[in-house]
Amino acid sequence: MNGGPSVWAISPEERDKHDQKFETLSPSMGYVSGEQARKFFLQSGLPASVLAEIWALADMNKDGKMDRLEFSIAMKLIKLKLQGTSLPSALPIIMKQPPVRAPTLSNPTSSLTNPAYGVPLMVTTPSRPLMPTMGNATLPNGTMGILQPMPAGTLATAYLACFCRRCLSFSSASSSPSVMSPLVSGPSDWSVPHASRLKYRQQFNSLDKQMIGYLTGAMATTMLTQTQLASIWNLADVDKDGKLKAEEFILAMHLVDVAKSGHPLPLTLPTELVPPSQRYDKFKANLERGNAELEKRRQTLLEAEKREQERRAQKEREERERREKEAREAEERRRKEEERRLERQRELERQREEERQREIERKEAAQRELERQRKEEWERRRRGELQIKKEQEQDDIIKLKAKKRSLEMELEAVVSGEETLATQHRKSAALTSFKALYPFTARNNEELSFNADDMIEVDETTEREEGWLFGSKQGKIGWFPESYVERVAPSDMANITAAAAAKVPLQSQLSSALEAAKAAGTKSAFTPTHSANPAPSETQGQKVVGNLSAQALCSWTAKTDNHLNFDKDDVIQVLEQQENWWLGELNGERGWFPKTYVTLMGEEESSELLIFQSIKRISQPSALITKFEFVALYTYESPEPGDLTFGEGDTILVSKREGEWWNGSIGDRTGLFPSNYVKPKEADTSSMSGKKKPEIAQVLRAHSSTGPEQLNLENNQLILVLSKNPSGWWLGELQARGKKRQKGWFPASNVKILGSSKTTLTYMLVLFSLSVCQVIAIYDYTAANGDEMSFSKGQLINVLDKNDPDWWKGELNGATGLFPTNYVKMTTADCDPSQQWCADLNNLDSMGPQEKKRQGYIHELIQTEERYVEDLQIVLEVFHKPMSESGRVKDAEMAMIFVNWKELMACNTKLLKALRVRKKTGGENMPVQMIGDILAAELSHMQPYIRFCSCQINGAALLQTRIDNEPDFKNFLKKIATDYRCKGMPLSSFLLKPMQRITRYPLHIKNILECTAEGHADRGPLKEALERAEELCQQVNEGVREKENSDRLEWIQNHVQCDGAAENLVFNSLTNCLGPRKLLHSGKMNKVKSNKELWAFLFNDFLLLTHASKQFTSSGPDKLFSNKNNVQLKMYKPPVLLNEVLVKLPDPSSDEPVFHISHIDRVYILKTDNINERTAWVQKIKAASEEFIETEKKKREKAYQARSVKASGIGRLLVTILEATELKACKSNPYCEVTMGAQIFTSRTLNDTLNPKWNFNCQFHIKDLYQDVLCITIFERDQFSPDDFLGRTEVPVATIKKEFENKGPVTRRLLLHEVPTGEVWVRLDLQLFGNK
């Protein structure tokens, strides 16, 4: 550093190299960006932190980019760092100055006039060359040169200091050739001594060896300070042009001598020191012109540079616009191509749809033609039968007229001896028993059929024709040949007396029947006789132990006060049995009745009919019945347009009876008819079998009545079927909760029969639909009598009858009975529920009555859901755990009793969490604005109930069997049921709760929906939730009825190993989009090439191919699915989804039972046992595949229509779903569903990621700022089951307005609720319309 070149100085050669590197980086407008420089500097291998420090030193103006000088400084610092030199704390001044290149004769000023380094360093004139300026150097005292090169004088001072050091380093005695200046022999009035002038000229010439007029070289030391050098420069530069001419240089050196001698420097240059040449004005003028010319050139260069920059900017702008235009054109072409593709696809689908419609129309036309032909054939046969019947009736009329005349003659003879016969009858009235020797079949309605050994009661006092007897058997009466029976002798007198006493009423009925026969003219005229009705013996009866029920075979009318009235099919509870008379109870009344009028029933059958009997009794309106049922005795045809025509046996609903012509209806036909053509339906003894149970139908399609005789039907209503008409119209009684029962006609095609009444669910649905209201128990109550019911505090009771103000009739857990009204309180349906949920009276007063009731129903739903989840938890803790740990119940039995109880727990826990989060979002004790979307979403994921309800019957049967057969097990269950949380209820009652809960969801949702105003944001989701709830009940009901299908699915679950499947397969559950899974077909087949034996199972959503671990034989599906079959099957290939499959025959005319199944890139060639089996497989696979594809198509069309509907409102919300992070561990196929009321958008599915980046945009129309809620739900796409729930988050629009209004698009992180982990990033932009 002492006297040598500075280590920080940049040599010209280094600068040239740096410039070359600078050009390779393609600088823009003389600069390279920070990114360009960073990539280049990183090639040096230095750490990023060191490079950052170098950048901070080199970037002098801190503009984030580098020009040539800054780039050269950075390159120099990098080189020094690589050589081991430490970086300076501040940038050395010498590095800020441009390097001085060694001059050449050809271009002595080239290195000083490079425009890249600022202004020219030397300006030459023809008369007087200036001294060159040089870079900074270190002074002898160690201080640096001029710190800032901003003023021209300051910069020149630095150059002078450098040159002075150089000059002083030479010896004063040195000499060399010199170029003399005219100033040497100038005027002598210059105060600079002449000797000094000569000395400094000599030194100058000795240094200027190349004779170029200026000097360069190494710097020398001096004794002067930097401040003194600056003052010298300011004084010597007389013309202030930043350059020293020869005279100015001599002056400067003279001032240096003055300063070194210790004399002070003058503040201003005295006149005597001013060079002579500077004293002339001409010189100043020339100087000014030169400066003006320089300024002009500088401006010209600046303008040229500005024009160049503008040209480049224009070129870049045009290039950018060109690229954007090309991008827009490419996007437009792509969009048009996509539209053309979609249009072609729609056209293909339209053509397929038209072809399908044409095919359907052809089939329907063929079906109509076939029906027409069948109808014509039936009418032709009917006309023939009616003609034959008419002829027979005419013959009968002729015979009856002749018979009438003979009977009139006999009547005259009978009247004369009437009193005598009556007396004899009273004395000898008795019934005689006869035993049938041979079977006899009745040929008409007046005769009695029986089999061999049947016992027949005969009144021998009745007048009869020769060889015929009139008697009764099991409530049926009629004539039969005397030769077919033999008399049975009485065993003893007591029995004869009791039998006679019991059979007098029967004798009376037989006489009544004879009277009816007489009126019809079909038999001889006999005078009936009557006797008093003796009471049954009170001493010979036997009390009944247990519950014994009997069903009436026909109607019985009481003859005395202690007799019991009943109708056909009534179920009577038998209390006491005598030989021929029994004591029974019906509808709270007790009395005696003949045992021949009833038949005993089993316990299960009696309980079923008792339920339907209670339904029938409850459903009877208290008002007078204005419509009666009659049965046609004959066919009536009339040409009059106002008459009602009917056939024999048709049921007619009579609405008006006046005179001989009545008004009635059959189906959709009404009119007048003669009253003597019909009889009351109760008199029809052949209408129904005593074993037949009432049928209940469920409405599938709504029907609007066209008259008062028809029923107005709504979907899912229940109807008690009373009569069926061949015309397609049935007579029934509409079961509507809390309303007066209505009887009328309805089209049979609009309903479906619910099937067997063995399922408890059907009873519960019917009973619940008949309930007048619901009450909640406020105290525990234990039944004191047999007709009462017990319950615990907090239980919900369905009220069936409220006629008695103190004792109501109700239903609880399938049991009915009476209970005191002061032990219960009304639910929200009958009282103001507001105080139960709203503590803010001001908020409550601001609501209307309808909204108050709506909020009460919502609160009731949440409360009952909480209690239900508590009950589910009680079962696990109180029953499941002790039973499992005790070892009394095997694992298989536990699975059969509790089925999938934990899955039910998970379903309802998730629903309860969602309801609590929604309530918490709005605030505690505050209104809940939206609830339908949660119910719709959660009810669609309650498929475990299908399996539970399907299997629960077997579990209940197993539990009851063990309780009946194992007293220890029974005591064990009683002991664990003493837990206070059970409230005295056994395990069987808790096992019914899931079935009860799903039947109550539709009721809760209906109540909320009825109190939700039109246009409310929650109305659409509530309707969807109601559909889901009713669909769930229907699916559960179907699952219960389709027990065989469920059992087979369970068999497959236990016998097929699904190792290697993409997801866990639960066969007895819901599919992804087709509802419950159904097994359509199964059987054995072989692969054609390897002849490998496969067992195939065709479901409604996929085909599963399996193979047996070891060979076994099966003669059919029944044997395959037998519980004794322990075969284990393994999955042969992954399941084949039916929406991706194509099945075809290689050659339809071939006799080989071979067919192909194509699935994506795989083809299966399979062979069945015969052609019929192959045909069945092909047809069923095709039908299932078409239904799958059609369902998906409808789903897509529904979503597309929802997005295509043009909506309006008070604003719009632009939503961008950016990404989700830390999702719950799953199979990693997530997608996002964004909803606001009925507006739904769904993102694409991303595979194999827990942090999906969707960047999915959607737009919602805001209808109500304070009710609309943005709901974001994340699901995982599944193939064989409904999509899994990965979390939900909600943001009310009012919150968005409050936090983000007028801030433009805002990105926000939202936590996912109802799951342990997960969050979603969204961008929200709320735009409210100004004119609204």
Side-chain angles (χ1 to χ4, degrees), residues 345-346 348-364 366-367 700-701 715 749 752 940-941 943 946 950 1024 1027-1028 1030-1032 1034-1039 1041-1042 1044-1046 1048-1049 1052 1063 1065-1083 1085 1096-1105 1117 1134-1145 1155-1160 1164 1166 1168 1173-1201 1277-1283:
Q345 183 177 352
R346 286 194 292 269
L348 289 175
E349 292 180 355
R350 190 160 49 248
Q351 293 175 0
R352 293 197 197 101
E353 182 66 21
E354 291 175 355
E355 182 64 26
R356 191 176 67 83
Q357 290 294 337
R358 286 195 294 270
E359 183 65 23
I360 292 174
E361 291 174 358
R362 286 195 295 269
K363 291 180 180 179
E364 290 177 350
Q367 185 70 19
L700 296 178
R701 294 184 298 276
N715 287 337
S749 59
K752 69 172 181 179
S940 62
H941 290 82
Q943 65 273 18
I946 301 173
S950 300
E1024 182 182 358
E1027 293 177 0
R1028 298 279 174 87
E1030 292 173 343
E1031 181 182 2
L1032 177 63
Q1034 183 178 357
Q1035 290 171 353
V1036 170
N1037 208 7
E1038 290 177 357
R1041 292 197 304 269
E1042 296 179 1
E1044 180 183 3
N1045 179 71
S1046 177
R1048 292 189 173 186
L1049 292 177
I1052 295 173
E1063 59 183 81
L1065 274 175
V1066 179
F1067 292 95
N1068 193 11
S1069 65
L1070 285 181
T1071 62
N1072 185 268
C1073 62
L1074 297 175
R1077 181 168 288 108
K1078 298 179 182 178
L1079 178 64
L1080 304 180
H1081 197 50
S1082 62
M1085 57 179 65
F1097 301 93
L1098 177 63
F1099 304 94
N1100 55 340
D1101 59 337
F1102 67 89
L1103 173 67
L1104 181 64
L1105 300 176
V1136 179
L1137 287 173
L1138 296 184
N1139 62 340
E1140 303 170 349
V1141 74
L1142 178 64
V1143 59
K1144 61 181 180 179
L1145 300 176
F1155 65 99
H1156 293 180
I1157 296 178
S1158 301
H1159 179 240
I1160 308 179
Y1164 301 94
L1166 304 172
T1168 59
E1173 186 67 15
R1174 181 192 70 173
T1175 303
W1177 275 107
V1178 171
Q1179 290 178 349
K1180 291 184 178 182
I1181 293 175
K1182 282 186 176 180
S1185 177
E1186 290 175 358
E1187 183 176 357
F1188 198 162
I1189 295 173
E1190 186 68 20
T1191 302
E1192 285 190 329
K1193 178 183 175 183
K1194 290 180 179 179
K1195 186 177 180 181
R1196 290 194 302 268
E1197 289 177 350
K1198 182 179 179 181
Y1200 177 77
Q1201 291 173 359
R1277 184 77 67 187
D1278 286 337
Q1279 290 182 317
F1280 308 110
S1281 61
D1283 299 332

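Residues take their numbers from the sequence shown, with the count starting at 1. What's counted below: heavy atoms across the whole structure, side chains too, no hydrogens, waters or symmetry copies.
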Close side-chain approach of [X] and [Y], heavy atoms under 4.5 Å:
| X | Y | answer |
| --- | --- | --- |
| P1135 | L1065 | yes |
| N1072 | Q1279 | no |
| S1158 | Y1164 | no |
| L1103 | V1141 | no |
| R701 | S749 | yes |
| E354 | R358 | yes |

Determine, step by step, whether L1079 and F1097 satisfy the side chain to side chain contact (heavy atoms under 4.5 Å, CB included) criterion, reporting the C-alpha distance in whole Å, the side-chain angles of both residues, the deciding distance to 0.1 Å, and the verdict. CA-CA 7 Å; L1079 178 64; F1097 301 93; 4.2 Å; yes
What is the distance from atom [atom1] of [X] to atom [atom2] of [Y], rounded to the nearest 0.5 Å?
| X | Y | atom1 | atom2 | value |
| --- | --- | --- | --- | --- |
| E1187 | D1101 | CD | CG | 11.0 Å |
| K1194 | I1189 | NZ | CD1 | 13.5 Å |
| M1085 | I1157 | CE | CD1 | 6.0 Å |
| E1140 | S1185 | CD | OG | 10.0 Å |
| T1168 | W1177 | OG1 | CH2 | 9.5 Å |
| H1156 | K1144 | NE2 | NZ | 7.5 Å |

Mind listing the closest non-hydrogen atom pair of [X] and [Y] along with its distance?
| X | Y | value |
| --- | --- | --- |
| L1049 | R1077 | CD1-O, 3.4 Å |
| P1076 | N1100 | O-ND2, 3.1 Å |
| L1138 | F1099 | CD1-O, 3.4 Å |
| Q1035 | G1075 | NE2-CA, 4.2 Å |

Report the relative orientation of the aromatic rings in F1102 and F1067; use parallel for angles under 30°, tilted for 30 to 60°, perpendicular for over 60°. tilted
Polar contact flag, side-chain donor to acceptor under 3.5 angstrom, E353-Q357: yes
Side chain to side chain contact (heavy atoms under 4.5 Å, CB included) evaluation trace for E349 with Q345: CA-CA 6 Å; E349 292 180 355; Q345 183 177 352; 3.6 Å; yes
More than 12 heavy atoms of other residues, nucleotides or ligands under 6.0 Å from CD of E1173: is that the case? yes
